[in-house]
Amino acid sequence: MSKILKLFEYQSPVGPWRGLLLDDKLAYFSRDSKKEVVSFGKSHGFEVEEGKIPSLLEKELKLYFAGKLQNFKSSLHFLGGSEFQRKVW
């Protein structure tokens with residue numbers, strides 16, 4: 001597993017969201033500032049570099065914000081939480 005998170009920004013109808021990818025899996029998605037997102041990644045022991053949103057995730061987010069998608073197929077990687085939290089997320 002890589003120790004580098006890729007940072008991306010997604011422009012939604014409600015404003016910008018920022019995310020972190022670990023090996024092309026979504027590890028974090030938030031409306032936090034770029035500085036806060038980078039800090040989150042570093043607090044979990046990762047380096048953070050600029051990256052690009054995967055095309056499937058971008059398509060799914062567009063459909064989600066248009067009210068046309070509820071279940072995502074994009075891969076996830078949970079950086080934190082208890083075993084129970086990871087199961088329900």
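Since the model is a prediction, treat every value here as computed from it, not as a measurement. Along the sequence shown, residues carry numbers from 1.
Side-chain contact between L7 and K34 is present, with heavy atoms from C-beta onward closer than 4.5 Å.
Residue S30 holds its OG atom at 3.5 Å from OH of Y28, rounded to the nearest 0.5 Å. For the atom pair CG (L5) and CZ (F40), the distance works out to 8.5 Å, reported to the nearest 0.5 Å. Distance check, rounded to the nearest 0.5 Å: CG of L56 to CG of L26 gives 11.0 Å.
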Show your reasoning for whether side chain to side chain contact (heavy atoms under 4.5 Å, CB included) applies to L76 and K25.
-> CA-CA 5 Å; L76 304 175; K25 296 179 182 176; 5.9 Å; no
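Looking at every heavy atom in both residues, E49 comes nearest to K6 through OE1-NZ, 2.9 Å. Pairing each heavy atom of G15 with each of W17, the nearest pair is O-CD1, 3.3 Å. Across L20 and V48, no two heavy atoms sit closer than the pair CD2-CG1, 4.0 Å. Nearest heavy atom pair, residue I4 against residue L22, reads O-CD1, 3.8 Å.
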Report, one line per pair, each donor and acceptor closer than 3.5 Å where one atom sits in a side chain of residues 59-68; sequence neighbours left out.
unit_1, atom_1, unit_2, atom_2, d
E60, OE1, S74, N, 3.2
E60, OE1, S74, OG, 2.4
E60, OE2, K73, N, 2.6
E60, OE2, S74, N, 3.4

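One hydrophobic cluster holds both F78 and L57 under the rule that ILVMFWY side chains link at heavy-atom gaps under 4.5 Å. Hydrophobic cluster membership is shared by F72 and F29, with clusters built from Ile, Leu, Val, Met, Phe, Trp and Tyr side chains linked at under 4.5 angstrom.
Residues satisfying the salt bridge (Lys or Arg N to Asp or Glu O under 4.0 Å) criterion with E9, sequence neighbours excluded, are R18. In this structure E47 satisfies the side-chain hydrogen bond (donor to acceptor under 3.5 Å, both in side chains) test with no other residue, sequence neighbours excluded.
Crowding of Q11 atom CD: a count of heavy atoms from other residues, nucleotides or ligands under 6.0 Å exceeding 12.
For the pair K52 and F8, the NZ or CZ position fails the cation-pi test of under 6.0 Å to the six-membered ring centre and within 45 degrees of the ring normal.
In summary, the side chains of E36 and S33 do present a donor paired with an acceptor at a separation below 3.5 Å, with no hydrogens or angles considered.
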